[in-house]
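Notes to accompany the following structure.
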Amino acid sequence: MNAQISFLEGTFTLIHIPLQSYPCLLQPLIRVLLPQTQSLKGTTSPPSRERDGLTTDDQHGFLNISVTPLECSVVCHSSWAKNVVEPAIKCLSKAAAKAVSVSTDDYLVISVISAGMDAASRVMELTSPLALAGIPIFFIATYYSDFILVPKKAQHAVTQALLARGFQLAQNDSDYRFRGHENARTTAASSQALSTTVTELQNRAFDLLRKSNVVPYIEEGLRLVQCSGREVTHINQEFSRHSSSSRRPGNGHTRRPSWLDNVDTKLYTAMISAFVSQPRFLSVTLAKDDPPSLLLDKFLLDIFGDSLVGDTEGELVPIFLDLSSLSYEATGIVCGVAGKLVGDMESQGSSELSYLSTARAGAVILSTKQAIRALDILKPMLDKQEGK
């Protein structure tokens, strides 16, 4: 394994929005998606920009907005949740506002960049040490990277779990690199012990899911594609070629590049159109150093035109797990479900899968053929008769 782990800057909030309230909160969600709206103060003087959660070029350090058949889920910097989303929630009716859930605990986001591993192995390698340490996590696999949300209060335990599993603290105290062949003997021994404890963890996870009446299911006719926007560097090159036109009239001074100059406006226009359409499934992840990543209903592709790159011809199927009856503190779900599937499907020579955690649900993402096999594996495990 060759993986780089880093904590992203800032603290983040997890928000659950019931689908019936989604239209009422769409405007603040679009405000979060388009961070330049935070700089508009209604004055003619240069605005004081709010940079919490943003990079120097006004890009989000991390943001995920997911609309699924079960909910709308948002992971955003805590300042955006407090200053943009929560005031909008207070404007809802009392009953509607009560149905929206905003995490009281702050979360940290861990970015994972790995090479030489299939998607299924990444999920297991990254989630198992944290699950075994009793740390609740949310897992978001994107086109380029994987991201793990962990409670801020568990940061020390997270660090210790990663170090114990073989990750190494880098000089900046925020990156961890997996120790390689020099620790092969130790890693092999720990992996053997890990296999036993992961099996126990799987059993506990499925027992909890059975008790909570969680039944895995597939939405009929829903097929997804995983795509990406263009590289930001390409957009910046386009901007540079036209920089001579970016002077303010009458003062001869070149204006400071804005957020709009550093993004693909076609892609963002399409994303807004897709969110406004109340999609069956659309998950957008924005992260520092990564182009935008999208997991979307294949029917939405026409909206995006040629603004996406990736395998738009393929088809992925999500298996949904409604976890609304479980608390945010539930542990081992991702590792337990993914581990069971990886173990059983690897024996048949196929184990490609990714995972998307939303506020109150989980989705295992597989090819069409694999999804059918995965349901055959999961359903007996979650049958109450099986648990007796």
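All of these numbers come straight from a predicted model, not from anything done at the bench. All residue numbers refer to positions in the sequence shown, counting from 1.
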* Working for side-chain contact (heavy atoms from CB on, under 4.5 Å), residues Leu267 and Val263 -> CA-CA 8 Å; Leu267 174 65; Val263 298; over 6 Å; no
Give the minimum heavy-atom separation between [X] and [Y], together with the two atoms involved.
X	Y	result
Asp322	Ser324	OD1-OG, 2.8 Å
Leu92	Cys24	CD2-CB, 3.6 Å
Gly61	Leu8	O-CD1, 3.8 Å
Val309	Gly229	CG2-O, 3.8 Å
Leu201	Gly332	CD2-O, 3.5 Å
Ala161	Pro129	CB-O, 3.8 Å

* Lys/Arg N to Asp/Glu carboxylate O, Asp207 vs Arg204, below 4.0 Å ->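 Salt bridge between Asp207 and Arg204, a charged N being under 4.0 Å from a carboxylate O: no.
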* Does a side-chain N-to-carboxylate-O contact under 4.0 Å join Lys379 and Asp383? ->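 Here Lys379 does not pair with Asp383 in a salt bridge, since their nearest N and O are not under 4.0 Å apart.
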* Counting only N and O atoms by type, is there a donor-acceptor contact under 3.5 Å from the side chain of Arg210 to the main-chain atoms of Met381? -> yes
* Asked: Can you tell me if Ser145 uses its side chain to pair, donor with acceptor, with the backbone of Ser111 under 3.5 Å?
  -> no
Check the side chains of [Y] and [X] for a donor-acceptor pair under 3.5 angstrom, ignoring hydrogens and angles.
X	Y	value
Ser293	Thr285	no
Ser103	Thr13	no
Tyr328	Ser101	yes

* Asked: Using the ring of each side chain (for Trp, its six-membered ring), is Phe320 parallel, tilted or perpendicular to Tyr217, with breaks at 30° and 60°?
  ->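 Answer is tilted, since the angle falls between 30° and 60°.
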* To do: Decide if atom CD of Glu9 counts as having more than 12 heavy atoms of other residues, nucleotides or ligands within a radius under 6.0 Å.
  =>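 Count not over threshold, so no.
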* Asked: Is it the case that more than 12 heavy atoms not belonging to Lys298 sit under 6.0 Å from its NZ atom?
  -> yes
Any chain of hydrophobic side-chain contacts (each under 4.5 Å) joining [X] to [Y]?
X	Y	result
Val284	Ile17	yes
Val334	Leu108	yes
Tyr143	Ile148	no
Val74	Val276	yes
Leu29	Phe62	no

Would you compute the distance between atom [atom1] of [X] and atom [atom2] of [Y] and round it to the nearest 0.5 angstrom?
X	Y	atom1	atom2	value
Lys90	Lys94	NZ	NZ	15.0 Å
Ser212	Leu382	OG	CG	10.0 Å
Leu296	Phe281	CG	CZ	9.0 Å
Ile65	Cys72	CD1	SG	7.0 Å
Ile15	Glu71	CD1	CD	11.5 Å
Leu224	Leu295	CG	CG	5.0 Å

* To do: Take Lys153 and Asp105 through the side-chain contact (heavy atoms from CB on, under 4.5 Å) test and state the conclusion after the steps.
  => CA-CA 8 Å; Lys153 62 186 178 183; Asp105 292 333; 3.3 Å; yes
Side chains of [X] and [Y], heavy atoms from C-beta outward: is any pair under 4.5 Å?
X	Y	result
Leu326	Leu208	yes
His77	Asp52	yes
Phe304	Leu294	yes
Ser73	Thr68	no
Ser66	Leu356	yes
Asp306	Lys266	yes
Gln27	Arg31	yes
Val32	His60	yes

* To do: Evaluate side-chain contact (heavy atoms from CB on, under 4.5 Å) for Ile5 paired with Leu126, printing each intermediate quantity in order.
  => CA-CA 10 Å; Ile5 310 292; Leu126 298 170; 3.8 Å; yes
* To do: Apply side-chain contact (heavy atoms from CB on, under 4.5 Å) to Asp290 and Phe147, showing your working.
  => CA-CA 12 Å; Asp290 278 2; Phe147 298 93; 3.9 Å; yes
